[in-house]
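Before any comments, here is the structure.
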Amino acid sequence: MTPCLLLPQTPDPTNPLYRPAGLPAFDRILPEHVVPAMERMLEEAETGFSALEASVQPTWRSAVEALDDLMRPLGAAWGIVHHLQGVQASDPLREAIEAVQPRFVTLSLRVGQSRAFYDALTALRASEGLSEAQVRVLDERIRSARHAGVALDGSARDRFNEISQELAQAGLHFAHHVLDATKAVSWEWTDPTDMDGAPETLRAQLAQAYKRAHPEAEATAAQGPWRMTLERALVAPFLEHVPDRAKREAVYRAYGHIATEGAHDNGPLVQRILCLRDEKAKLLGYPTYAALSTASKMAEVPAIYDLLHQLREAARPAARRELTALEERAARADAPLPLMPWDVAFWRERVKEERFQIRDEELRAYLQEPKVLEGLFAVVQDVFGVEVVAADGQVPVWDPSVRFFHVRDARSSELVAAFYLDPYSRPENKRAGAWMDTCLGRRRLEGGDTQVPVAYLVCNATPPTPGRPALLSFDEVTTLFHEFGHGLHHMLTRVDVEPVAGIDGVEWDAVELPSQFMENWCYDIPTLRGMTSHVETGEPMPHDLIERLRAARTFCEGLATLRQLVLGLTDLRLHDGFVPASPDDAFRLQEGIERETSVLPFVEGYRQLCSFQHIFAGGYAAGYYSYKWAEVLSADAFEAFEEVGLDNREALREVGRRFRDTVLALGGSRHPSAIYRDFRGRDARPDALFRQSGFTETIDA
């Protein structure tokens, strides 16, 4: 069995999107290829499915593999198109996706609602001799068929299909509105005093933004002019460091009003999506959309509420203490009280600077992106026994800043995976946030070779400035580690049953375990020393600064936890029997949750739901709680490493091998609770998360 990394291939040299095999031909794919390639493959898939459906038998080959083989080229092309819309968006590409999507959804519904395939799957599930991975695949497909409306007939099925089509279009429009509305708002400042107090890195970013908007103009970090946009990579440092309170308030309010007005107003879409989801759930026999969503997850709705409320009770006392400390510091500077949400990040940074002697600019100077990558790769080699090797220039990429890497077993040098890394922000055509997505999954090829998994890792970190490498904020470093954890989950699988290899088939609320687990290494002393190098001196981060950074880890964690809980509870309550009669109803619900959860004053008219893409244009509907649910798992998992001693590298490697052989290797082939017990020897406990978050005072009390 030989690992195989396929280079770009297509049977049609005139259209690189038609039946792509192996790595995508990103140097050749254009928006005008989308419609003809997709329509041709849709027609082939429709015809092929008719033949399969007429002869399907209750065997693994007939009911599972034959359908996967038929649909794989179409799914691969559709995945490439959606990836490009995230990282290289354009109006022609958007129009092409909208033109093709209805037919794609129609085919998906036809496949999911096939009674012949459903009967074959259920009969196969009742047979003997299946592997555990095969049982997992069959259980997921039978459930998916039910969720696709296989049991519906007549007008109920017609209505279900109408809802599915409308929801698909609504999600697309929601995301497009957010991107367009984000690009539509900006501020430009020309007076050198406008940026008084702003750090050098932020000034440089804003000067670069001005140059992008005005290519003919001169702009410098010191003298400006500067251009501020609502790009997340700019908003966060702006709120943290710009002393001008009026500017901070303007940016904060605008950020909370993305996609709330005019042609970009997502308010009506929020209402419509929620109503359609509720109707869809009831058609399928579920009382609420939350019940439908969690039917395929680890947790049930009551257990989710229990965890979120437990975390809220633990976090609120800490958050109140933190807010008091910030207010005391602000009062010493004669700042207006009470502190408003646009003040909190600014005064948090001032208190952190005083209490821990830590400044973001000081940290950035040590966090050169090439050195951070070197440190990240050293960790995964040391702990998990895999070597990451640069392979830039060997495959086509979609932007010159994108890199490509091979992942090899450190002992045998065998190729086990590969990944693309798109590290930097590109506000003109790249959506905000960070994510990992699948390029190729692991599977057995004809002839016995194994296709190795390939991942897309996408961040929006601070790009390089003229004459300097990219200097990352510490948050951008933890984001990189987080997404690489997702990548490891996909890339280090040893499962050859494609539908449950890597992250495929993993319950949604377990997917964040490896990603949040990896964030812990950002506070490990050898890791920090290994990934830091001062941009001017080349010296690693000094020990005293590392200790101060580690001491500051739980600083304002109460406030941060409450913010996540507001989002998680809002998402859950919106989908737990809530049916809005008007667009304002959803915002009133969030306001109520804010008031009962947050310790900060509520900002009237703040409508962040209109840009909450996780739940309205992504896969997190009734699932945003997954971050906290998986954080329980990740904190408990990392404690297994701490128990043997992080300085005991031999013992650490043994625990790392066990983590790789269970959590990372088994993917979706077993239930995540069983996999976790294989690793830890028991179920996860929330105590580790409380300790990691600094909420031990509440626990002890």
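Sequential numbering from 1 along the given sequence is applied to the chain's residues.
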Got a sec, which pairs hit salt bridge (Lys or Arg N to Asp or Glu O under 4.0 Å) with one end in residues 552-564, sequence neighbours left out?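 Of all non-adjacent pairs touching residues 552-564, those that pass salt bridge (Lys or Arg N to Asp or Glu O under 4.0 Å) are R563-E594.
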
Testing the 3.5 Å rule here: is there a donor-acceptor pair between the side chains of [X] and [Y]?
| X | Y | result |
| --- | --- | --- |
| Q169 | Q101 | yes |
| D399 | S401 | yes |
| Y625 | D571 | no |
| S164 | N161 | no |
| E631 | S634 | no |

Looking at [Y] and [X], is there a salt bridge between them, counting it only when a charged N and a carboxylate O are closer than 4.0 Å?
| X | Y | answer |
| --- | --- | --- |
| R573 | D576 | no |
| R442 | D504 | no |
| E591 | R595 | yes |
| E140 | R143 | no |
| E596 | R316 | no |

If the condition is side-chain hydrogen bond (donor to acceptor under 3.5 Å, both in side chains), which residues does Q271 pass it with, not counting sequence neighbours?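 Here no residue qualifies.
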
With sequence neighbours excluded, what pairs up with D306 under the side-chain hydrogen bond (donor to acceptor under 3.5 Å, both in side chains) test?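 If we apply the side-chain hydrogen bond (donor to acceptor under 3.5 Å, both in side chains) test to D306, skipping adjacent residues, there are no hits.
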
Residue R685 excluded, over 12 heavy atoms near CZ under 6.0 Å: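 No, CZ of R685 has 12 or fewer neighbouring heavy atoms, counting only those of other groups under 6.0 Å.
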
So does E428 have more than 12 non-hydrogen atoms from other groups sitting under 6.0 Å from CD?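 Counting neighbours around CD of E428, more than 12 heavy atoms of other residues, nucleotides or ligands fall under 6.0 Å, so yes.
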
Check whether [X] reaches the backbone of [Y] with its side chain - one donor and one acceptor, N or O, closer than 3.5 Å.
| X | Y | value |
| --- | --- | --- |
| E483 | M436 | yes |
| D278 | C275 | no |
| R670 | I675 | no |
| Q613 | V178 | no |
| D139 | R136 | no |

Can we call the ring centroids of F484 and F419 under 6.0 Å apart?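 Close enough - the centres of the two rings lie under 6.0 Å apart.
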
So that I know where these two stand, are Y627 and Y624 an aromatic pair - ring centroids less than 6.0 Å apart?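 Judged by ring-centre distance (under 6.0 Å), Y627 and Y624 do meet the cut-off.
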
Between CE of M518 and SG of C522, what distance do you get to the nearest 0.5 Å?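 It comes to 7.5 Å.
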
Determine the sole option in H490, H83, H486, H82 for which the ring-ring contact (aromatic ring centres under 6.0 Å, His included) test with Y456 is passed.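 Result for ring-ring contact (aromatic ring centres under 6.0 Å, His included) with Y456: H83.
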
Residue of the set F481, F638, F474 for which ring-ring contact (aromatic ring centres under 6.0 Å, His included) holds with Y523: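 The residue from F481, F638, F474 that satisfies ring-ring contact (aromatic ring centres under 6.0 Å, His included) with Y523 turns out to be F474.
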
